[in-house]
Every structure is written in structure tokens, then in C-alpha cells.
Peer 1: 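What follows is a structure written as C-alpha cells; I'll ask about it next.
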Amino acid sequence: MSSPSSAALPPGAQRIGVSLPAGSYEVLVGPNLLPAAAELILARLGRAKCAIVTDDNVAARHLPVLEARLRTLGLYAGSVVLAPGETSKSFAALAPLCERLLALGLERRDLVLALGGGVIGDLAGFAASILRRGIRYVQVPTTLLAQVDSAVGGKTAINTAQGKNLIGSFHQPSLVIADTTSLATLPPRIFRAGYVEAAKYALLADAGYFDWLEQNCALICAQDAAALCRAITIAVAGKAGIVARDERETGERMLLNLGHTFGHALEAWAGYCDRLLHGEAVAIGICLAFRLSQELGLVTRESSLRVAAHFAALELPTAIGDIAGPTRPEVERLLGLMRQDKKITDGRLTLILVRGIGRAFATRDIAEDRLRAFLAGELAAAP
Ligand code: GLY
């Protein structure tokens with residue numbers, strides 16, 4: 001994890017490399033990286049005009065410091081501040097964003113800086129991928145979810161009426177700067193929802209990391225600097241390895257969707273709102289994947305209960321019945337939403353199931369009737 005260039009990093013920061021055939025990039029994780037971001041960008045990517053894309057909430061907290069350092073170094077081209085929330089991940093927001101970036105005079109070697117959470121990272125990354133047929137961009141994630149997952153790996157996207165992330169591209173960032181200090185202002189519920197994506201990586205590939213998360217989750221949620229940095233670094237390093245082996249998600253990368261086929265369906269049913277955050281939907285989805293695997297005789301009841309107990313201890317939902325509000329989805333509606341999954345081929349869903357903690361696998365062998373019966377059982381148990 002360390003390298004000669006770590007010496008240039010602020011104290012406590014870690015460097016993870018993502019190695020790809022088309023080139024490698026670094027993910028820098030640690031406290032107080034935002035005030036140093038302009039210098040880190042200049043040192044690693046050279047002199048380039050930088051246009052920041054962010055949202056109102058993040059701008060209020062973090063934009064002035066980034067703008068000021070870029071200005072001082074003569075790198076600043078301008079900022080585009082969007083409305084916060086999933087509605088900005090749309091064709092309606094993409095078009096004016098691209099025009100604005102072009103108006104700022106960005107050329108191929110210049111940089112888009114995506115400052116914010118998953119929505120900003122996905123949208124700004126997609127804009128960068130189509131501007132002048134692809135310009136460079138830097139992810140500066142300010143949520144835990146974006147730092148452990150969405151800012152790394154080059155998936156960019158917008159949503160349409162048909163579903164989330166159905167229009168997008170693979171376009172790798174040139175650098176990722178994850179300042180753990182920027183997480184201090186996150187509401188605890190948003191922080192815990194982001195934590196789910198770290199636990200997801202443990203549950204799909206790294207049982208030892210899950211043991212460590214169980215022992216350290218209280219410290220992580222209290223934002224102890226060392227524990228938080230270690231949690232993010234392990235998840236990112238694990239994801240970096242998977243992305244390096246399967247950038248375009250033809251095999252192993254699919255495992256990173258553990259809990260997401262169920263989760264996306266629940267999120268869509270709930271209407272992509274505060275009622276059910278993405279990470280919360282994934283927590284339920286992971287528990288469903290474990291319980292379905294248990295019903296199929298693949299994983300022990302003890303492992304399923306252990307995973308649910310871990311999420312419950314962090315006040316995360318673990319079953320459909322834990323979703324706030326009086327309504328519950330119909331089984332056929334959930335199945336219909338699951339069929340929108342991007343991993344569907346020849347009409348068959350690819351599900352990510354488990355043979356144990358840290359042992360996920362992809363399968364297309366689960367018959368729809370089996371899934372229907374499983375979901376009916378889960379809904380029958382929902383209050
Ligand atoms: N978030 C899943 C992936 O990047 O592949």
C-alpha cells in the first residue's frame with residue numbers, strides 16, 4: 001500500500017493503486033486531503049485547467065477551500081453548482097452541465113473535479129466521458145458511500161424513467177482524493193448507509209475484514225481517524241483488485257453487486273427518497289441474499305443471523321418489514337423491478353449469492369418461481 005509517492009502525502013494518508021491495461025491511477029485516502037487537493041492534483045496530473053462540479057450542500061462546506069487553492073496555483077477554470085439529489089442524475093441536468101463545461105474552455109487534457117457524493121461523481125464522470133469524446137476527471141468524494149465504492153472503478157451514469165444508471169459509461173478517473181475529514185459533517189444515517197458498501201466488500205470477498213469491522217464498527221462510526229482510514233483503505237484496495245481483474249464487469253466485478261438486485265428494486269419501489277436510502281436498501285438486499293442462500297442450503301443460518309445482527313447493531317434495516325411507512329411492495333412488483341437489472345441476459349437474472357461470509361458467487365440458476373416463493377415468505381414475515 002505504500003510507495004515512493006506516499007512521502008508527498010499529508011500525514012496519516014494512504015495510497016492505493018488501481019492498475020488497468022489503459023493506465024493506472026491512485027486513490028488517496030486520509031484526513032485533511034481537501035486543503036491539499038490542488039497541490040496533489042498538480043503534482044500527479046500536471047498543469048491543467050480544473051472545473052469543479054458539485055452540489056449546493058457540498059459547495060457550502062467544501063467549495064471555497066478547493067477553489068482558493070486552485071486559484072492560487074493558477075489551475076482554476078470555474079465551478080458548476082447543481083441541485084442536490086438524485087434528480088440531477090438526468091439528461092435534463094447533463095446537457096446544461098456539458099455546455100457549461102465547454103463554455104469554461106475545457107480541453108482534452110483538462111480536468112473535471114467531481115466534488116461530492118455518488119450523484120455528483122456519477123454525473124460529472126459521465127459528462128467527462130462524453131465531453132470532447134472523453135476528458136480527464138478527478139473524483140473528490142465527500143460521502144462514505146462514494147469513498148468506499150462509487151468514486152473508484154470508473155462506472156459513470158445517469159438515470160432514466162426506466163431505472164437507475166441505465167445510461168452510462170466506463171470512464172476511469174485520473175485520480176481519487178478521499179478526504180476522511182470531510183465525512184465529519186455527514187448526518188449519522190447517511191454515514192451508516194455508506195458503511196454498508198464497506199461491509200458489502202467484506203461479505204463478498206474478505207471474511208477477515210468482516211471480523212475486523214464487527215470489532216471496530218463503533219470506532220468507525222465515531223469517526224476515529226485511524227479506524228475510518230483503515231476501513232476505507234481495505235474496501236478500496238479490495239475493489240481496486242477486482243476492477244483491475246475485470247474492469248468491464250464480465251465476471252468477478254459482478255460480485256460487487258451483492259445485495260444490489262434486491263436493493264435497487266426496493267429503492268425503486270420506495271421512490272428513491274428519504275424513506276429508504278441506497279445503502280439501507282443494499283443492507284436489506286444483502287440480508288435477503290444471505291437468507292435466500294440459506295434457504296438453498298448454501299450458507300448456514302448462523303452466518304445469515306450474524307450479518308443481520310451486525311447491520312441491526314448499526315440501526316440499519318435488515319428486512320423488508322424494517323422499511324418505514326405503512327405500505328409494503330407486492331411480490332410481482334418487486335420481481336418486475338428486479339427484471340430491470342443491468343445484469344439480466346436472455347431474460348434471466350444474475351443473482352449474487354453466498355457460500356459463506358466472504359464467499360460470494362454469481363448465478364443465473366435461480367428459477368423465477370423460487371425467487372417468487374422466497375419474496376412471498378419475506379413479505380409474509382413483514383409487519
Ligand atoms: N458499485 C459496483 C461497481 O463499481 O462495480
Side-chain angles (χ1 to χ4, degrees), residues 16-22 25 27 29 86 89 114 116-126 128-129 137 139 141 143-159 163-173 176 178 193-206 209 231-268 272 277-286 289 338 340-345 349-354 360-362:
I16 302 131
V18 185
S19 307
L20 293 161
Y25 61 94
V27 182
V29 180
E86 202 72 33
K89 259 178 76 170
V119 166
I120 288 296
D122 284 6
L123 172 70
F126 187 46
S129 79
Y137 74 114
Q139 290 276 17
T143 63
L144 183 57
L145 185 140
Q147 295 192 355
V148 294
D149 188 37
S150 61
V152 178
K155 279 189 182 175
T156 79
I158 56 170
N159 305 328
K164 263 182 94 168
N165 299 334
L166 293 178
I167 308 284
S169 61
F170 287 98
H171 185 54
Q172 298 293 338
V176 181
Y195 173 92
V196 174
E197 297 284 2
K200 174 199 76 177
Y201 173 69
L203 292 168
L204 69 93
D206 191 340
Y209 177 41
I232 296 168
T233 304
I234 296 174
V236 167
K239 180 167 182 178
I242 292 176
V243 170
R245 292 186 291 275
D246 178 25
E247 183 186 2
R248 298 282 162 141
E249 198 172 292
T250 55
E252 187 184 358
R253 186 165 180 172
M254 274 193 251
L255 302 182
L256 290 170
N257 293 315
L258 175 63
H260 280 65
T261 305
F262 290 119
H264 277 153
L266 289 168
E267 223 184 334
Y272 301 112
L277 304 176
H278 174 71
E280 294 170 338
V282 173
I284 299 174
I286 291 173
M338 287 172 78
Q340 286 292 339
D341 195 89
K342 286 185 292 307
K343 296 184 302 304
I344 201 152
T345 8
L349 271 177
T350 304
L351 283 177
I352 311 304
L353 297 182
V354 282
F361 67 100

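Please read these numbers as outputs of a predicted model, since none were measured by experiment. First listed ligand is number 1; within each ligand, the first listed atom is number 1.
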Peer 1: Heavy atoms only: give me the nearest Arg253-Phe170 pair and the separation to one decimal.
Peer 2: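 Minimum heavy-atom contact is NH1-CE2, 4.0 Å.
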
Peer 1: Between Asp149 and Lys239, is there a side-chain N and carboxylate O pair less than 4.0 Å apart?
Peer 2: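 So Asp149 pairs with Lys239 through a salt bridge.
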
Peer 1: Look at atom 4 (O) of ligand 1 and say which protein heavy atom is nearest, naming residue and atom and giving the distance to 0.1 Å.
Peer 2: Lys239 NZ, 2.6 Å

Peer 1: My understanding is that only residues two or more places apart in sequence, or in another chain, count here; which of them pass side chain to side chain contact (heavy atoms under 4.5 Å, CB included) with Ala157?
Peer 2: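 Here the qualifying residues are Asn165.
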
Peer 1: Starting from atom 5 (O) of ligand 1, which protein heavy atom do you reach first, and at what distance in Å?
Peer 2: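 Checking every protein heavy atom, the shortest distance to atom 5 (O) of ligand 1 gives Arg253 NE, 2.7 Å.
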
Peer 1: Within the structure, does Asp149 bring an N/O atom to less than 3.5 angstrom of an N/O atom in ligand 1?
Peer 2: yes

Peer 1: State whether the side chain of Gln172 and the backbone N or O of Gly154 hold a donor-acceptor pair below 3.5 Å, judged by distance alone.
Peer 2: yes

Peer 1: Going by the order shown, which atoms of ligand 1 are within less than 4.0 Å of some heavy atom of Lys155?
Peer 2: 2 (C), 3 (C), 4 (O), 5 (O)

